[in-house]
Amino acid sequence: MTPRLARRPVPLIAIEALVAIGLVGGWLVVGNVVGNIVLSLFTQHHSLTIPVHGLPYTTIADGHHSLGAVADASARLAVKAAELRLFDVAPVTFFGMRLLEALTWVTSLMALHLLVRFLRSTRGEHPFSPRNGRRCTAMGWWLLASFGLHATFELLSVQFAKATDIHAAAIGFDPNRFDWTTLLLACCALTAGTLVRYGAELEQEQALTV
Amino acid sequence: MPIRVHLDVMLAKRDLTLTALSQRIGLTLANLSVLKNGHARALRFSTLEAICEALQCQPGDLLEYEPEHD
């Protein structure tokens, strides 16, 4: 009697839909981070400062109203910068956060690099072919690592904001409000997990192809 | 899986061992075992061609469709 090895296969359309959602979510997160950095550099270059709780720190003075969500991201970054630079934070915490941020970037770039290789490796075949199983799994793990680190960074930032009691109402930052980034990260993590699982299935199929 | 592989039957008819076939067609013994024991998920045409050539048979002699009953 032939042993039953195969579980019910995941429908390909579901995988593709999840990956599409994850990629859009991922790019939104990346866009958010890039926007933060660009605005931070801009504000630092032009030395725009506003006083909050009697302490000066760099941000676009009333950008929250004029630039909408993007300026809001800048404001959040400014709050994070203020927590880490102006308040009583131990150097080990400061460098720990920077290291975490750097690791997030390294893993994100690695995942992106693998995604490009994954899409280019197929030579006209569907990317989710058994031959690509190992790449699919590797990409999933890197993405999981990347989103996990990103989520940790976000959570720690919010904890710092709460611990230092900066509500920064003047620039519209509230650490207790619902954070859409968390939802996006959850979508991305779901996609990455699916890639890992589906990659393992493809690897098994490749191993059983003679 | 409703596709049955009769590699063991053909090997017995030709008085060949799996190891000998493996050496003739250049496929690993592990892969041939997967095929013989019905664990294979897919079979390349190149593999099928090599086996048919070595055993002097047709693909239909090796493979059979047998519908599954619940």
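In the text below, chain A, chain B and the rest are named by the order of the sequence lines, each starting its count at 1.
Atom CZ of B:R24 has 12 or fewer neighbouring heavy atoms from other residues, nucleotides or ligands inside a 6.0 Å radius. Other residues, nucleotides and ligands contribute more than 12 heavy atoms inside 6.0 Å of the CD atom of B:E66. No more than 12 heavy atoms of other residues, nucleotides or ligands lie within 6.0 Å of CD in B:E53, so this atom counts as exposed by the packing criterion.
Nearest approach of A:A207 to B:N31, heavy atoms of both residues: O-OD1, 4.3 Å.
Here CG of A:L208 is found 8.5 Å from NE2 of B:H39. Values are rounded to the nearest 0.5 Å.
Counting heavy-atom pairs closer than 4.5 Å to chain A, the top-ranked of the candidates B:L48, B:L32, B:L43, B:V5 is B:L43.
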